[in-house]
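Accompanying notes for the structure given below.
Throughout, a chain's letter reflects where its sequence line sits, starting with A, and its residues are numbered from 1. FYI, side chains are in, hydrogens and waters are out, and symmetry mates aren't considered; it's all heavy atoms of this structure.
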Amino acid sequence: MAEPKENVLMEKIVSLCKRRGFIYQSSEIYGGINGFWDYGPLGAELKRNVKELWWNTMTRLRDDVVGLEATIIMAPAIWKASGHVDTFSDPMIDCKTCKGRFRADQTDEIACPQKPSKCVNECHGEKTAPRAFNLMFQTYVGPLQDDSAVAYLRPETAQAIFAQFKNVLETSRQKVPFGIAQVGKAFRNEVTPRNFTFRSREFEQMELEFFIKPDEVIEAISGSVATVPDPGHPGEPQPNWGWQAWHQYWVEERVAFYERIGLSRHTLGFHVQTPEELAHYARATTDILFKFPFSKRDGQGELKGEELEGIAARSDFDLSQHQRCSGKPMGVFDDELRTAWGKLPKEKQDDLWRRYCENRKKYLTKTGVTDEAATKQATEDANGLAKGQYIPHVIEPSAGVDRLILALLTNAYSDATKTDEKGKVETTVVLKFHPRVAPIKVGVMPLLKNKPELVTKAHEVRDLLRPWMNVFYDDGGSIGRRYARQDEAGTPFCLTIDFDTLGEKPELLNTVTLRHRDDGRQERLAIGDLLTWLLPKIR
RNA sequence: GCGAGCGUAGCUCAGUCUGGUAGAGCGUCACGUUGCCAACGUGAAUGUCGAGGGUUCGAAUCCCUUCGCUCGCUCCA
């Protein structure tokens with residue numbers, strides 16, 4: 001395989017991250033630990049900005065989403081209900097002869113790589129016994145380390161949202177449709193961490209669970225479910241939206257978010273999961289991808305991209321599971337539904353009742369409930385619908401923070417080599433972050449540091465801006481070198497305090513040079529106008 | 001976890017084959033200088049050559065183990 005220049009780009013990014021203090025390897029002085037990464041001074045600011053923007057966009061700027069911050073260790077039963085205890089532990093078999101690794105439950109289906117005419121369990125390769133690969137980190141709660149004390153570090157933040165659904169519903173004065181958002185750490189004991197921070201064992205997620213009414217309920221209340229328009233943003237949420245409209249709405253909302261922080265649509269990719277790829281409970285999943293240098297290529301040689309976020313329509317699976325496993329009701333009561341139901345013609349009632357019942361039964365049967373018990377429970381659930389009760393469905397936009405950070409770094413990276421008059425070749429690096437995510441918003445520098453009046457004035461400008469944004473003060477070296485340092489950190493603006501600031505040209509008294517990172521352009525701004533100029537650009 | 005490659009200063013890398021006790025460029029720091037894009041001068045710091053063990057009079061260099069990184073199998077946010 002040709003050594004692609006993409007790998008060279010990745011290497012440049014990794015070394016820049018270390019050199020400038022974005023990302024370090026965890027525990028480096030002890031030799032490091034595989035799959036764990038620390039954020040340095042610039043990385044911590046960048047990450048904080050990204051999480052704050054997400055939080056503000058998803059919760060504070062909306063009426064219909066509230067926040068949650070749950071613990072990392074939860075009752076282990078949650079992970080039984082969610083399916084993680086079972087599905088995260090595929091028994092695997094290794095073949096010592098052909099070096100292949102196979103799922104133990106598929107050895108009679110997969111062809112042997114060396115003898116494709118035979119399947120794996122018929123070939124003569126020397127195979128290991130099946131070994132469990134549980135991807136959840138285990139620990140013990142309390143001093144006794146026995147089986148009853150086993151607990152897990154959460155492999156996703158989502159389940160806490162489902163587990164606290166009723167509490168939030170009852171204390172937030174929200175009604176379906178509404179969402180619960182959470183940002184936090186999650187842990188997966190990945191078989192092979194890869195691609196810098198892209199697949200880590202400890203990572204951070206930004207997840208929204210947006211609860212909606214089942215289509216049958218929409219139909220009962222609004223007469224019919226809105227048809228989904230052509231691709232694109234479907235506009236302001238409407239009462240007659242079913243899961244498809246809501247799913248499309250969230251995909252477009254999320255893309256708009258990425259665009260607002262500098263990832264234009266052409267840097268993103270989309271993957272609509274095929275029916276075979278979908279989890280059995282999912283109605284649809286659209287992945288938003290970013291074209292990383294290490295991404296695989298499609299038939300035309302175009303980068304396909306790697307997943308930043310998945311937006312899944314998960315039906316009522318999660319709440320149903322927790323209702324079934326905890327024995328606590330997870331349904332909601334909807335007065336509007338009860339009233340509307342009473343006014344429906346008998347045929348319509350019967351039709352909706354039958355469809356809701358069928359969907360409930362389909363779910364219950366798939367979880368292993370006997371046909372008889374499933375019929376009984378589904379009938380009860382459908383009778384509840386007629387009284388205004390249902391289990392909400394959910395749309396889940398789930399994003400990886402660290403992956404997004406890596407995407408922003410990759411997207412921002414730009415370098416150029418130039419030769420000076422002495423023939424010396426140097427490489428200049430500019431990180432073209434969108435000002436909203438840039439770790440340092442503005443560099444403040446006196447033109448010369450041996451002129452105390454310049455330094456004093458520069459300190460004043462720094463102190464003026466500091467309460468509002470992350471400011472970096474620098475008086476070391478030539479002005480060009482200081483600009484270059486800020487370019488490498490991705491600082492969008494630099495302010496230089498010069499003799500005109502002090503009134504050498506009286507008409508320029510109390511103005512500073514504002515220098516733009518991406519093109520070096522300069523303009524003159526009054527110190528008194530700085531905040532009104534800067535704030536809209538960084539928020 | 002399996003297979004392949006790699007690991008020398010903050011970064012990029014030379015030195016490893018042919019053992020003799022560690023170097024370059026860039027960066028960093030201090031002082032001087034400085035009139036808008038990595039200017040210059042002087043001075044300084046930094047490595048138990050990824051870690052541990054072995055062979056040897058002597059190991060960055062040869063051998064073993066281990067940790068980490070990259071790539072493939074597998075998995076996902």
B/rU21 to B/rC2 separation - P atoms, rounded to the nearest Å: 39 Å
Once you apply the 3.5 Å cut-off to both distances, tell me the Watson-Crick or G-U wobble partner of B/rG25, or none. B/rC11
Give one of base, sugar-phosphate or nothing for A/S15, where a contact means two heavy atoms less than 4.0 Å apart. sugar-phosphate
Is the ring centre of A/H393 less than 6.0 Å from the ring centre of A/F211? no
What heavy-atom pair brings A/S398 and A/Q205 nearest, and what distance separates the two atoms? OG-NE2, 4.1 Å
Under 4.0 Å, counting only non-hydrogen atoms across every strand here, what does A/K449 touch: a base, just sugar-phosphate, or nothing? base
Can you tell me whether the side chain of A/R194 and the base of B/rG72 have a donor-acceptor pair closer than 3.5 Å? yes
Take atom CD of A/E488 and atom C1' of B/rG10, then tell me their distance rounded to the nearest Å. 12 Å
Rounded distance in Å - CZ (A/R524) to P (B/rC36): 12 Å
For B/rG23 and B/rU18, measure between their P atoms and round to the nearest Å. 24 Å
Taking any heavy-atom pair under 4.0 Å as a contact, classify A/N34: base, sugar-phosphate, or nothing. sugar-phosphate
Once you apply a heavy-atom cut-off of 4.0 Å, does A/I33 come out as touching a base, just sugar-phosphate, or nothing? sugar-phosphate
Look through every strand shown and name the nucleotide pairing with B/rG19 as Watson-Crick or G-U wobble, where both distances are under 3.5 Å. none
P-based separation of B/rC75 from B/rG19 [nearest Å]: 47 Å
Determine: side-chain N/O of A/K18 to OP1/OP2 of B/rC11, distance under 4.0 Å, yes or no. yes
Look at A/N195 and B/rC69 and indicate whether a side-chain polar atom (N or O) is within less than 4.0 Å of OP1 or OP2. no
Return yes if a side-chain donor-acceptor contact under 3.5 Å exists between A/D318 and A/Y281, otherwise no. no
If you check every side-chain atom of A/R199, which of B/rU74, B/rG35, B/rU34 has the closest atom? B/rU74
Using ring centroids (six-membered ring only for Trp), state whether A/F210 and A/W250 fall under 6.0 Å. yes
4.5 Å side-chain heavy-atom contact, A/F433 and A/P439: yes
Establish whether the base of B/rC76 is bridged to the side chain of A/E307 by a donor-acceptor pair shorter than 3.5 Å. no
C1'-based separation of B/rU34 from B/rA39 [nearest Å]: 9 Å
C1' spacing across the pair B/rA14 / B/rC26, given as an integer number of angstrom: 15 Å
Distance test, side-chain N/O of A/R485 to OP1/OP2 of B/rU28, below 4.0 Å: yes
Among B/rC36, B/rU34, B/rC75, the one nearest A/I479 by side-chain distance: B/rC36
Ring centroid separation for A/Y152 and A/F137, is it under 6.0 angstrom? no
Any-strand Watson-Crick or G-U partner of B/rC6, both distances under 3.5 Å: B/rG68
Do A/E504 and B/rG35 have a side chain to base donor-acceptor pair shorter than 3.5 Å? yes
Have a look at A/Q522 and say if it touches a base, only the backbone sugar-phosphate, or nothing, with a 4.0 Å heavy-atom cut-off. base
Name the nucleic acid region contacted by A/E396, choosing base, sugar-phosphate or nothing; use a 4.0 angstrom heavy-atom cut-off, strictly under. nothing
Say we look at B/rC11 and B/rC49: how far apart would their P atoms be, to the nearest angstrom? 16 Å
Are any of A/T428's side-chain N or O atoms less than 4.0 Å away from OP1 or OP2 of B/rA38? no
What about A/R482: does its side chain form a donor-acceptor pair under 3.5 Å with the base of B/rA38? no
Measuring centre to centre across the rings, with the benzene-like ring taken for any Trp, is A/F198 within less than 6.0 Å of A/W37? no
Take the protein atom CD of A/E277 and the nucleotide atom C1' of B/rC76, then report the distance between them rounded to whole Å. 13 Å
Could you state the atom-to-atom distance from CZ of A/F203 to P of B/rC76 in whole Å? 12 Å
Whether A/R481 contacts B/rC37 is assessed here as follows: a side-chain N or O lying under 4.0 Å from the phosphate OP1 or OP2. Is that the case? no
Scan A/R515 against the nucleic acid and name what it touches under 4.0 Å (heavy atoms): base, sugar-phosphate only, or nothing. base
Looking at every strand, decide which applies to A/G40 at a 4.0 Å heavy-atom threshold: base, sugar-phosphate, or nothing. nothing
In whole angstrom, what separates A/E426's CD from B/rC37's P? 14 Å
Could you give the distance separating B/rG50 and B/rC36 at their P atoms, to the nearest angstrom? 46 Å
Give one of base, sugar-phosphate or nothing for A/N450, where a contact means two heavy atoms less than 4.0 Å apart. base
Does atom CD of A/E69 have more than 12 heavy-atom neighbours, drawn from other residues, nucleotides or ligands, at distances under 6.0 Å? no
Pairing nucleotide - B/rA59, Watson-Crick or G-U, each distance under 3.5 Å: none
What about A/Q486, does its side chain sit under 3.5 Å from the base of B/rA38 through a donor-acceptor pair? no
Quick one: label A/F196 by what it contacts on the DNA or RNA (base, sugar-phosphate, nothing), any heavy atom closer than 4.0 Å. sugar-phosphate
With sugar-phosphate meaning primed atoms plus P, OP1 and OP2, does A/T427 contact a base, only sugar-phosphate, or nothing at under 4.0 Å between heavy atoms? base
Any donor-acceptor pair, under 3.5 Å, between the side chain of A/T192 and the base of B/rG72, if you only look at N and O atoms? no
Quickly work out the A/L16 CG to B/rC11 P distance and round it to whole Å. 12 Å
Please report the distance, rounded to the nearest Å, between NE2 in A/H516 and P in B/rC36. 18 Å
Heavy-atom donor-acceptor pair, A/R403 side-chain to B/rC76 base, under 3.5 Å: yes
Is it true that atom CZ of A/R48 has more than 12 heavy atoms of other residues, nucleotides or ligands lying nearer than 6.0 Å? no
Tell me which of A/R19 and A/D475 sits closer to the 5' end of RNA chain B, going by the nucleotide each one is nearest to. A/R19
Between B/rG53 and B/rA59, how far apart are the two P atoms, rounded to whole Å? 13 Å
A/T501 side chain to A/N510 main-chain N or O, any donor-acceptor pair under 3.5 Å? no
A/E453 CD to B/rU34 P, in whole Å, measures 13 Å
For B/rA30, give its Watson-Crick or G-U wobble partner with both distances under 3.5 Å, or none. B/rU42
Give none if B/rG1 has no partner; otherwise give the nucleotide forming a Watson-Crick or G-U wobble pair with it, both distances under 3.5 Å. B/rC73
Need one value for A/T157: base, sugar-phosphate or nothing, where a base atom within 4.0 Å counts as base even if backbone is also close, heavy atoms only. nothing
